Amino acid sequence: MGTSSDIKLINEEGLRIDGRKSNELRPIKIEAGVLNRADGSAYIEWGGNKVLVAVYGPREAFPKHTQNPSRAVINARYNMAAFSVDERKRPGPDRRAVEISKVIGEALECAIFTEQFPRTSIDIYIEVLQADAGTRIAGLTAASVALADAGIPMRDMVVGCASGKIDGKVVLDLNKEEDNFGQADLPIAIIPRTQEIVLLQMDGNMSRDEIQEAVAMSKKAALFISNIQREALLERYKEKEVNEEGERNE
Amino acid sequence: MDIQKKIVLPGEEINLEGMKQGNGIYHENGKYYAYQMGIIQTYNGYANLIPLSGKYYPVKNDRVIGKVIDIAPSFWIMDIRGPYPGFLHINDTPWKSYGEDLNKILNMGDTVFLKVNEITESRQTWLSLKDAGLRKLEGGHIVTVQPTKVSRIIGKGGSMVNMIKESTGVKIQLGQNGVVWLDGPVDKILIVRKVLRYIEDEAHTSGLTDKVKKILEETR
């Protein structure tokens, strides 16, 4: 948000600067089980975003005073690589990363059956390798795939999508330019089965009607992305059957 | 036994078809849903979800292989690859302690074949060495596999593991927690390790015993 400029984000034909329509998503690709050492992992490419997620646990929570005797604690860590943005980002957690870690952890906690694992922690490491607006939602979407890959009991797989307002119009899934020069950005995450909202933030200004329009748009897109998540997990087990046949032909 | 080969994902609705709700399934508003990624299997009138991945969750009377990670005055603390460590009390072993240090009996890093004796309400896992076949494992090699794949390695009535034993002559001790202890000539152990990895990768496919038989015949 913030910087106002003369840049036209939507042209006369109603197309955006990357040629998308107002309700069109960027291409999304998810892969599950990409890391061998972690209990579960996933990699997502969402437009220009590239995010890697690793999940460990449930394992005994350390230090001991962080343990909760009635349920598991969720430790999410969102981290941006120094090379993920144009200007080198100073490494390490900053105000923004701490906030995003917190909201992602809380969103995922809504879906996980934490009460099944008292005194443990489930650690989720979200590493943003390349950022292009919407990394918190991309990270969250990949994190649910990694959690499912780790076999952690969940009510459903959390999924999200951002929408926003550019040139006075509500559009879906902002890219970097639209995020920088638009009027509002509204990331939202839901539990697809019940459509409960588990994460909702807003940067910028929108009217009440516009928010409603944006939320409806994001929800619809999230349900679409939910299918991509599911396919990514199924693909992991389908793939091997194909490989095996390949070996036989040799 | 009717096996549906379809893989279900967390949050997917499951039609129980008159079966009772078993493991890995939760219900909400009268409907049933999976809470893990896995395959639905029906057994004894119960529909169970067999997970494709996940940690080892101890169950009473499971046979596991643990490693000593800490020693307390009257018990050992064992790593059994679950979310919690396991405890082995001196009274649950065939040895008697007359005030000497426990590390004279089992030292740090020692590997033991145990059974899960009791799981308390606060998820404390107590282990035991007092049963037939339970012992300290000396020598040999350790291979770890995913705990959810152990049942496939055992096979129906132990058919798979017995076939591997007969074919290679390697001594195999399987822990339900995914730790496998092997003893024998090194070249044979390498073959067994390769076979275990193969079973792990192909655990969700059918006709596994025949495929493994083929591999064993080829490598002989």
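To find a chain, count down the sequence lines: A is the first, B the second, and so on, and within it residues start at 1. Quantities reported herein were computed from a predicted structural model and do not represent experimental measurements.
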Enquirer: Could you tell me whether the side chain of A:Glu60 reaches within less than 4.5 Å of the side chain of B:Pro85, counting heavy atoms only?
Expert: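 When only atoms from C-beta onward are counted, A:Glu60 and B:Pro85 do touch, with a gap below 4.5 Å.
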Enquirer: Specify whether B:Tyr26 and A:Phe113 have parallel, tilted or perpendicular ring planes, treating 30° as the upper limit for parallel and 60° as the lower limit for perpendicular.
Expert: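 Rings of B:Tyr26 and A:Phe113: perpendicular, over 60°.
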Enquirer: Quick check: are there more than 12 heavy atoms from other residues, nucleotides or ligands sitting under 6.0 Å from NZ of B:Lys165?
Expert: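 Yes, NZ of B:Lys165 has more than 12 neighbouring heavy atoms, counting only those of other groups under 6.0 Å.
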Enquirer: Measure across B:Gly11 and A:Asp156 and return the closest heavy-atom pair with its distance rounded to 0.1 Å.
Expert: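 Smallest heavy-atom distance, with atoms named: CA-OD1, 3.8 Å.
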Enquirer: Can you tell which part of B:Glu28 gets under 4.5 Å to a heavy atom of chain A, answering side chain, backbone, both or neither?
Expert: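 The side chain, not the backbone.
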Enquirer: Hey, does A:Met154 have a side-chain heavy atom less than 4.5 Å from the side chain of B:Gln36?
Expert: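 Counting from C-beta outward, B:Gln36 and A:Met154 never come under 4.5 Å.
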Enquirer: Under 4.5 Å from any heavy atom of chain B, what part of A:Thr194 do you find: side chain, backbone, both or neither?
Expert: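 Side chain of A:Thr194 only, per the 4.5 Å heavy-atom cut-off to chain B.
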Enquirer: For B:Arg193, is the CZ atom crowded, meaning more than 12 foreign heavy atoms sit under 6.0 Å from it?
Expert: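 No - once you tally the heavy atoms of other residues, nucleotides and ligands closer than 6.0 Å, there are 12 at most.
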Enquirer: Do the side chains of B:Tyr57 and A:Gln116 get nearer than 4.5 Å, heavy atoms only?
Expert: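 A:Gln116 does not reach B:Tyr57 side chain to side chain.
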Enquirer: Look up atom CG in B:Leu9 and atom OG in A:Ser226, then write down how far apart they are to the nearest 0.5 Å.
Expert: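 That separation rounds to 9.0 Å.
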Enquirer: For the candidates A:Ser70, A:Ala148, A:Pro118, which exhibits the highest count of non-hydrogen atom pairs separated by less than 4.5 Å from chain B?
Expert: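 It is A:Pro118.
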Enquirer: Calculate, to the nearest 0.5 Å, the distance between atoms OH and CD1 belonging to A:Tyr237 and B:Ile7 respectively.
Expert: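 The CD1 atom of B:Ile7 is 7.0 Å from OH of A:Tyr237, to the nearest 0.5 Å.
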Enquirer: Calculate, to the nearest 0.5 Å, the distance between atoms OH and NZ belonging to A:Tyr56 and B:Lys55 respectively.
Expert: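 If I round to the nearest 0.5 Å, the distance is 10.5 Å.
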Enquirer: Please flag which part of A:Arg193 lies under 4.5 Å from any non-hydrogen atom of chain B: side chain, backbone, both or neither.
Expert: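 For A:Arg193, the contact with chain B is made by the side chain alone.
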Enquirer: Please classify the contact of A:Ile152 with chain B as side chain, backbone, both or neither, using a heavy-atom distance under 4.5 Å.
Expert: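 The answer is the backbone of A:Ile152.
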Enquirer: Is the side chain of A:Arg119 donor-acceptor paired with the backbone N or O of B:Ser122 at a distance under 3.5 Å, no angle test?
Expert: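 Looks like yes, one N/O pair under 3.5 Å.
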Enquirer: Check the surroundings of atom NZ in B:Lys136: do more than 12 heavy atoms from other residues, nucleotides or ligands lie under 6.0 Å from it?
Expert: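 Result for NZ/B:Lys136: enclosed.
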Enquirer: Are side-chain heavy atoms of B:Pro10 and A:Met157 found at a separation under 4.5 Å?
Expert: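 Counting from C-beta outward, B:Pro10 and A:Met157 do come under 4.5 Å.
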Enquirer: Is A:Ala150 in contact with chain B via its backbone, its side chain, both, or neither, using a 4.5 Å heavy-atom distance?
Expert: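 It is the backbone, since no side chain atom gets that close.
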Enquirer: Is A:Thr120 reaching over with its side chain to a backbone N or O of B:Pro83, donor-acceptor style, under 3.5 angstrom?
Expert: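 Checking the backbone N and O of B:Pro83 against the side chain of A:Thr120, no donor-acceptor pair under 3.5 Å is found.
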